[in-house]
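Each remark here refers to the structure printed beneath this line.
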Protein chains: 2
Amino acid sequence: MAQEAVAQEAMTQGKAKAPTIYDVAALAGVSHQTVSRYFKAPGGLKPATLERVEKALAELHYTPNLAARSLRSREHYRVVVVVPEASLYFPARMLNGAAAAAHSAGYRVDVVAIEGTAEARAHQLETLLGGEDIAGILSFVPRPKGSPAARHSQAIPMVVAGEYDNKMRARGSLADGAAARKIVEHLASLGHRNFFHVAGPTAWPSARNRRAVYEETVAELGLVSLGVAVGDWSPASGYAAGRKIAAIKDVTAVFAANDQMAIGVMRALHEHGLAVPDDVSVFGWDDMAESSFLIPTLSSVHMDLEALGARSMSELIARIRGQQPATEALSLAPMELVFRESTARVRA
Amino acid sequence: MAQEAVAQEAMTQGKAKAPTIYDVAALAGVSHQTVSRYFKAPGGLKPATLERVEKALAELHYTPNLAARSLRSREHYRVVVVVPEASLYFPARMLNGAAAAAHSAGYRVDVVAIEGTAEARAHQLETLLGGEDIAGILSFVPRPKGSPAARHSQAIPMVVAGEYDNKMRARGSLADGAAARKIVEHLASLGHRNFFHVAGPTAWPSARNRRAVYEETVAELGLVSLGVAVGDWSPASGYAAGRKIAAIKDVTAVFAANDQMAIGVMRALHEHGLAVPDDVSVFGWDDMAESSFLIPTLSSVHMDLEALGARSMSELIARIRGQQPATEALSLAPMELVFRESTARVRA
DNA sequence: GCCAAGAAAGTGATCGGTAACACCAGTATT
DNA sequence: AATACTGGTGTTACCGATCACTTTCTTGGC
């Protein structure tokens, strides 16, 4: 009776509860299993049956109940995206790209910010991996040195964005580092000889990569690197590096691993009476929206960050499905140098 | 037999499949239902039973299978967070705060970026609400004018962050607008009389609010507003506003609704030979990490954005649970004016 | 010391899918 | 002609929780 009342209420309110495969099967005149089979491999049905199922499906606006599905099949449709604590300095566009890619593949995205001390972070990751209902992990945070959750990681597919940069570099392909090389070459072509690099944290592959290419290229071209400061991507760390640079005096070209640190560098130089680009040229990386409106406007590297995020996610999903990632997913998004006011010919 | 083999394999591999309430019940010597009851209301158990259950729980490291739970109970543990397409200009810290709050309440967070034309966005929202397995929606995007998915929204709890600003303002409390008032007052105290406001998109309550308070305060203090430009939060839109301001000439104080637009304004003024703060003072909002390293450093409003995001999420979760949101969740996070180089006494 | 009533715990059905197997015609093999 | 195989479909059990109901244990009043 209560059942009836509920059903009736649902009817009158038009808030029909979601149709199940049984509803679909009844309408199509087949068994529920046939409907289930349809989703697994539509090709396995007889054309006539297939058509009837599809018609019923469309008529009822059926959407599968993921909870029921994953309960039985033990497959999961939730990927966890780990973003750095300092997501202030983390390009949100990468996250968007990754989320969009996951959604279009039918996965849910859970965003988790990893924060606190190294120990606390390891613990967070541990409990994260413990929640047995996740299909995979996409981390924008570099993998901790000691593999902390080694026994889990066998089970759950995990992609650490940026790690493949290393592979690419090893393969000598046009990876992240290619732009770093072009930056140094460009500055050299403007007459600069004395360089300084503000690197990102060593834990980040992209930071290591940019730094390595910087040092390589400076050496190759017979230039001088007057030092490398390791920052944490923040403007404040760039500022600290900038003070060092100002103290050195001879530096005329600075390459910062991201725009935010470049902003800090420029500020510090300004406070020490050094003009950009008259006294020192500064090159950034990421091409933030603000960079073309700074005073001076900042030369930088423009990347398609959405694409980058989407590709990382594609790689993860391929791995979840046990497929080979599409080669396209492994190649890097195109990047482009943007020359602005902050870099100029060295003063005579 | 096959069963046995599997069990044995699991034993030897140490890859025991996740324990269920039946395992817990067996270990504790009670029925599975008692374990289920434990999670619903631990108080309903006899102290002796409770202790045994808890011991078994701890021993097995039991974690509930959310898929099974939500299949039966029709409750869901996934909230969708909607962020604006232009998330470049959206403070990621709010997202972090919201995600953290949701996680600590046992909910999964799915981040969706709403993009495209108004029509496409409405459609996205529609399908989003169609996916019947979500507990609630937290939108950082203003609600579209016409309630598009009205028939759904009855069912799914939805909180639009920032909307309560309006309520607060209506109540005359110390809301978002209070800082706007202080900004105008401060600039007036520095001798400024001719103001200009660069507002955010009209669809955003916070933008409307800041603008309204700006106009109110200017009128109250007998100052002059030489215009209001409506931007889209981007530096580029600030730049466009800055060109207008430069053309007006008499403006000596600009209040921008966020730091990014303020950066655009400063750039435009610079290009027209107007110095900040010597000729024009500029005040921003949000206190981005970069703001204290710009040239000149930018006066701004510092807010605890994590707290803001967390409170919005708390409100949503309360609504999901049918509770009254904690009053604390409704009050605004404290905000604080930060005075930097970009604002100075008006030139004699 | 007995019985009614409420508290505590147990039993079996159920949610909406998938897995495993049975079944059944039609074809291929021996 | 009997058997094996195969593609297409139906039948039943099962995943791990909660729900509705039943049963057992306490407790209190007389």
Side-chain angles (χ1 to χ4, degrees), chain A residues 1-7 10 16-53 56-57 60-77 106 131-133, chain B residues 1-3 5-7 10 16-54 56-57 60-77 106 131-133:
Chain A
M1 205 176 76
Q3 284 265 3
E4 242 171 26
V6 168
K17 75 184 240 266
T20 72
I21 52 169
Y22 289 88
D23 301 325
V24 175
L27 185 62
V30 297
S31 81
H32 72 273
Q33 179 63 334
T34 299
V35 179
S36 174
R37 261 189 278 267
Y38 170 81
F39 286 105
K40 205 188 199 178
L45 302 185
K46 238 193 323 199
T49 321
L50 188 138
E51 194 187 345
R52 271 157 57 209
V53 170
L57 243 26
L60 293 176
H61 297 295
Y62 170 82
T63 46
N65 180 326
L66 291 187
R69 177 179 290 174
S70 73
L71 174 59
R72 183 65 175 102
S73 68
R74 296 176 178 289
E75 282 169 8
H76 302 289
Y77 301 90
E132 294 288 343
D133 63 338
Chain B
M1 205 175 73
Q3 285 265 1
V6 169
K17 70 185 244 263
T20 71
I21 52 168
Y22 289 88
D23 301 324
V24 175
L27 185 62
V30 298
S31 80
H32 67 103
Q33 178 62 331
T34 300
V35 179
S36 175
R37 260 190 279 266
Y38 170 82
F39 286 107
K40 205 190 203 176
L45 301 186
K46 237 197 315 200
T49 322
L50 188 138
E51 194 187 343
R52 271 157 57 209
V53 170
E54 276 178 343
L57 243 26
L60 294 176
H61 297 295
Y62 170 82
T63 47
N65 181 324
L66 291 187
R69 176 178 290 175
S70 72
L71 174 60
R72 185 64 177 103
S73 68
R74 297 178 177 289
E75 282 169 8
H76 302 288
Y77 301 90
E132 293 289 344
D133 63 339

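Here the structure is a predicted model, which means the values were calculated and not measured. Every chain is numbered from 1 and lettered A, B, ... according to where its sequence line falls, protein lines coming before strand lines.
Atom CZ in Phe39(B) sits roughly 15 Å away from atom P in dG16(D) (whole-Å rounding). Remark: C1' of dT14(C) and CG of Leu71(A) are 12 Å apart, rounded to the nearest angstrom. When rounded to the nearest whole Å, the span between OH of Tyr38(B) and P of dT18(D) equals 13 Å. Here dG16(D) presents its C1' atom at 16 Å from CD of Glu75(B), a figure rounded to the nearest Å. Summarising the geometry, the separation between NZ on Lys40(A) and C1' on dA19(C) is reported as 7 Å, rounded to the nearest angstrom. For the pair Gln33(B) CD and dG12(C) C1', the interatomic distance rounds to 11 Å; values are reported in whole Å. Atom CG in Asn65(A) sits roughly 14 Å away from atom C1' in dG16(D) (whole-Å rounding). Taking atom NZ on Lys46(A) and atom P on dT6(D), their separation rounds to 19 Å, with Å as the unit.
Closest approach to the Ala68(B) side chain among dG10(C), dA17(D), dG16(C) is made by dA17(D) (side chain taken as heavy atoms from C-beta onward). Among dA9(C), dC19(D), dG16(C), the nucleotide with an atom closest to any side-chain atom of Thr49(B) is dA9(C).
Not one N or O on the side chain of Arg69(B) forms a donor-acceptor pair closer than 3.5 Å with the backbone of Pro64(B).
Dashed line: the shortest gap from a side-chain N or O of Thr34(B) to OP1 or OP2 of dG10(C) is under 4.0 Å. Considering only side-chain N and O atoms, Ser73(B) lies nowhere under 4.0 angstrom from the phosphate OP1 or OP2 of dT18(D).
Note on Ser70(B): nothing from the nucleic acid sits closer than 4.0 angstrom, heavy atoms only. Counting any heavy atom pair closer than 4.0 Å across all strands shown, Arg74(A) reaches sugar-phosphate atoms only and no base atom. In this structure, Leu66(A) reaches neither bases nor backbone, as no heavy-atom distance under 4.0 Å exists between it and the strands shown. Among the atoms of the strands shown, base atoms are found under 4.0 Å from some heavy atom of Ser31(A). If you check every strand for non-hydrogen atoms under 4.0 Å, Tyr62(B) touches sugar and phosphate atoms only.
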For the pair Leu45(B) and Thr34(B), evaluate side-chain contact (heavy atoms from CB on, under 4.5 Å) and give the outcome as yes or no after the intermediate values. CA-CA 8 Å; Leu45(B) 301 186; Thr34(B) 300; 4.0 Å; yes
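Sequence order on DNA chain D of the closest nucleotides to Tyr22(A) and Gly44(A) puts Gly44(A) first from the 5' end. Judged by closest nucleotide on DNA chain C, Leu45(B) is the one of Leu45(B) and Arg69(A) placed further toward the 5' end.
Taking the centre of each ring, Tyr38(A) and Tyr62(A) stay at or above the 6.0 Å mark.
On a pure distance criterion of 3.5 Å, no polar donor-acceptor pair joins the side chain of Arg37(B) and the base of dA8(C). A donor and an acceptor atom sit less than 3.5 Å apart, one in the side chain of Arg72(B) and one in the base of dT14(C). Remark: the His32(A) side chain and the dT12(D) base include a donor-acceptor N/O pair separated by less than 3.5 Å.
Heavy-atom minimum distance, Val24(A) versus Val53(A): CG1-O, 4.3 Å. In terms of heavy atoms, Gly106(B) sits closest to Tyr77(B) at O-CB, 4.0 Å.
Atom CD1 of Ile21(A) and atom CZ of Arg37(A) lie 10.5 Å apart (nearest 0.5 Å).
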